[in-house]
> 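Structure below; questions to follow.
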Amino acid sequence: MDNEKKKERASLKINEVTTCKATAQMLEKAERDGVETAFHRAAEMKACPIGADSACCKHCAMGPCRLSSKDPYGKVGVCGATIDTIMSRNFARMVASGTAAHTDHGLSMLELFRDVVDGKIADYGIKDPLKLEDLARELGIETEGREIEAIAHDVYQDLKRTYVQLEGEIPFAKRVPEKTLETWRKQGIVPRGAMREVMELMTRTHMGMDQHYENITKQSSRTALADGWGGSMVATEISDILFGTPTPVQAEVNMGVLKADDPALLEEARAAGAKGLNLVGMCCSGAEMLGRHGIPHAGNFMSTEAVLVTGAVDAMGVDIQCIKQGLAKVAQCYGTRLFTTNTRCRIEGADHLPFEEHEPRVCTDTIVRLAIDRFKNRKLPLEIPRFKSIGVHGFSHEYINYMLGGTFRGSYRPLNDNIINGRIRGVAGVVGCTNPRVKQDWVHVELVKELIKNDILVVQTGCSQVALAKAGLYLPESAYLAGPGLREVCEAVGMPPVLGLGSCVDNSRILTACAEMVRNGGLGQSIADLPVAGAAPEWMSEKAIAIGQYFVASGVYTVFGVTFPIIEETKFHQHLFGGLEELGMGKWGFTADPYEMARLMIAHIDAKRKALGLDKGRERVLVDMAARREMEAA
Ligand code: SF4
């Protein structure tokens, strides 16, 4: 890096861009080493204000057209498109892209499942046959007296409809509470196959097609639901069946999980096979391995470059989604071997080593061998931050059932009861990415602390989960930070007040949990009735918009931080932030401030409690025989 650039880099105020001490330490090192990261690029590249408001359109060559954020109805595009058409089309395309990413991943998992069942892949098997049978029964597939392979084959055939069917409801519509499904049917947004929904959304957002923001949003909802209750849900269910349904596991998080090692240990490791090699995860793939296998996690999205700055990573394999192109440059600076492993995601400057499910070891063994080679030839001094936190990860919908109800009466009844009696005020999903436009991890951590302090149980996925784990909130002992009611429940069960459910496709577990809460009774008839709320405080990707829209369409109040691609007080804004709720769904919210975000979510949860008649007493009134007789007489 030239000296001029170095001077500019020095202007990055590290303590203002991250609360992660390990990342801060590595950013200081990066600056000493003259290495650029996304934090530096974000400081230099101000976000385009017109794009941030979604006030521009480049859908045809009569434009691009730019409307005014200050006077949104002052002009229209060359074709006559209004600000509401332009913003809703831009929003729809984010939903289409995010949905395509998740559903493509889900379809790949389903194809892997098919090949495992057909005996074409020897390295994997069905690890959770009980879950497979439960799922088959849920889908209406006969299991009694049948071979597991036959059941699996039928499950594959049925779930394939999630992606390819042209007409009819997707299989997991069966999982949706009846009243929620009724709302969708009334609105005409029950998804068909994801391929069809994405295709139709792209068609409708073409120049000269759908030019009514409400109608465009309808298809955005339908498409997003094909993600949440379709592609993502299949990915989660199939991953559980193939790799095992997560159960709580203790694991370490943060850059202190990296090891310097020494040649003697490596010699020993080589003599004994793979022993001695340090495998750590990052970002959402890391969150999957953390929850399923307890594999240490080195850092979330905004820490991935910083982890390479340690110099301690000999090889890094990446597959799909949320992989910064900037990693290639940082890897090059420190001699880390960077490999892309999926044909969908190649990076200029990185080596490509395809991961073939039929022969997985060809890829993984090569990466390990090249890592050992790089290890032997390490030239630069290492600097590994000492920070690491231990916590309990790996919760799943099934485990929450068991944890609360025990083996023989596993159910959400105890959760519902504790919400009804007020010990737990409500449940919040806090999920999503990290983003250099806000102080890394800070919004996640402050929001969650505020929520649990107010007796709100928090469930998490993805990078948000890792932010809270680094802050030490994944230990049962952190229940002392919770309000008295939530604390009592956590201490009785021995669980932390914050439960990690996996990676961002595993947000589908939160939908399943919501459906179970409705099914168990006492909290209303639809997901929209539940005292729950969601947030993505540091979101950044199109996938996050798709996730937000499927939660909103499912009935959940969902608050985003950082920024929102919309102009306030426009018709499209009023539709997303209120109109959808009037149609029986949820609604969007926005604030960048974690305390205001908590206030909005708590106010919504309290309003739902009030509507359910749960705002009176905090303690459950036990009904004795005299009271029961009185009720019967009345
Ligand atoms: Fe402009 Fe309309 Fe073309 Fe968009 S579609 S670029 S608003 S003319």
Side-chain angles (χ1 to χ4, degrees), residues 45-104 187-189 191-192 194-227 325 435 437 539-550 552-553 560 562-580 583 587-588 590:
M45 187 180 292
K46 298 295 167 210
C48 164
I50 299 149
D53 283 341
S54 199
C56 53
C57 176
K58 56 180 178 62
H59 289 201
C60 87
M62 293 190 286
C65 298
R66 197 175 69 187
L67 273 55
S68 163
S69 307
K70 292 201 174 63
D71 182 17
Y73 293 104
K75 62 177 177 179
V76 293
V78 174
C79 66
T82 64
I83 189 67
D84 296 302
T85 298
I86 289 173
M87 289 190 301
S88 59
R89 279 197 309 217
N90 291 342
F91 184 85
R93 289 209 166 178
M94 294 178 88
V95 169
S97 167
T99 298
H102 286 140
T103 49
D104 186 53
Q187 294 302 317
I189 58 169
R192 298 158 294 181
M195 287 178 182
R196 176 143 206 199
E197 301 306 355
V198 171
M199 185 165 63
E200 184 170 322
L201 191 54
M202 291 306 285
T203 307
R204 281 163 66 161
T205 53
H206 189 277
M207 185 272 151
M209 283 291 292
D210 204 348
Q211 286 156 104
H212 195 304
Y213 66 97
E214 286 180 356
N215 206 41
I216 294 168
T217 307
K218 223 180 226 189
Q219 183 57 22
S220 292
S221 295
R222 199 175 193 182
T223 306
L225 291 171
D227 174 354
Q325 186 165 0
N435 184 323
R437 300 285 174 204
W539 77 281
M540 61 85 198
S541 76
E542 292 170 318
K543 290 184 297 164
I545 290 286
I547 293 168
Q549 186 62 20
Y550 72 61
V552 167
F560 269 33
V562 190
T563 181
F564 202 93
I566 207 162
I567 300 170
E568 289 191 1
E569 304 310 326
T570 52
K571 286 186 277 182
F572 178 55
H573 178 261
Q574 284 162 359
H575 189 56
L576 288 193
F577 285 66
L580 294 177
L583 298 173
K587 64 179 175 184
W588 284 90
F590 167 73

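Whatever order the structure lists them in is the order used to number ligands and atoms, beginning at 1.
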> Which atoms of ligand 1 sit under 4.0 Å from any heavy atom of C79?
2 (Fe), 5 (S), 7 (S), 8 (S)
> Of the non-hydrogen atoms in D84 and F572, which two are nearest, and what is the gap between them?
OD1-N, 2.8 Å
> Within less than 2.8 Å of atom 2 (Fe) of ligand 1, any N, O or S from C57?
no
> Could you check whether any side-chain heavy atom of F560 comes within less than 4.5 Å of a side-chain heavy atom of I545, counting everything from C-beta outward?
yes
> Any N/O/S atom, backbone or side chain, of C60 lying under 2.8 Å from atom 1 (Fe) of ligand 1?
no
> In the structure I gave you, are the side-chain heavy atoms of L67 and P72 within less than 4.5 Å of one another anywhere?
no
> Check each heavy atom of Q211 against ligand 1 and say whether those closer than 4.0 Å belong to the side chain, the backbone, both or neither.
neither
> If only atom types and distance count, is the side chain of N435 paired as donor or acceptor with the main-chain N or O of W539 below 3.5 Å?
yes
> Can you name the atoms of ligand 1, numbered from 1 with element, that are less than 4.0 Å from a heavy atom of R89?
4 (Fe), 5 (S)
> What is the closest protein heavy atom to atom 1 (Fe) of ligand 1, and at what distance does it sit?
C65 SG, 2.3 Å
> Pairing donors with acceptors under 3.5 angstrom, does anything connect the side chains of T82 and T85?
yes
> Which atoms of ligand 1 sit under 4.0 Å from any heavy atom of G63?
6 (S)
> So does R196 have more than 12 non-hydrogen atoms from other groups sitting under 6.0 Å from CZ?
yes
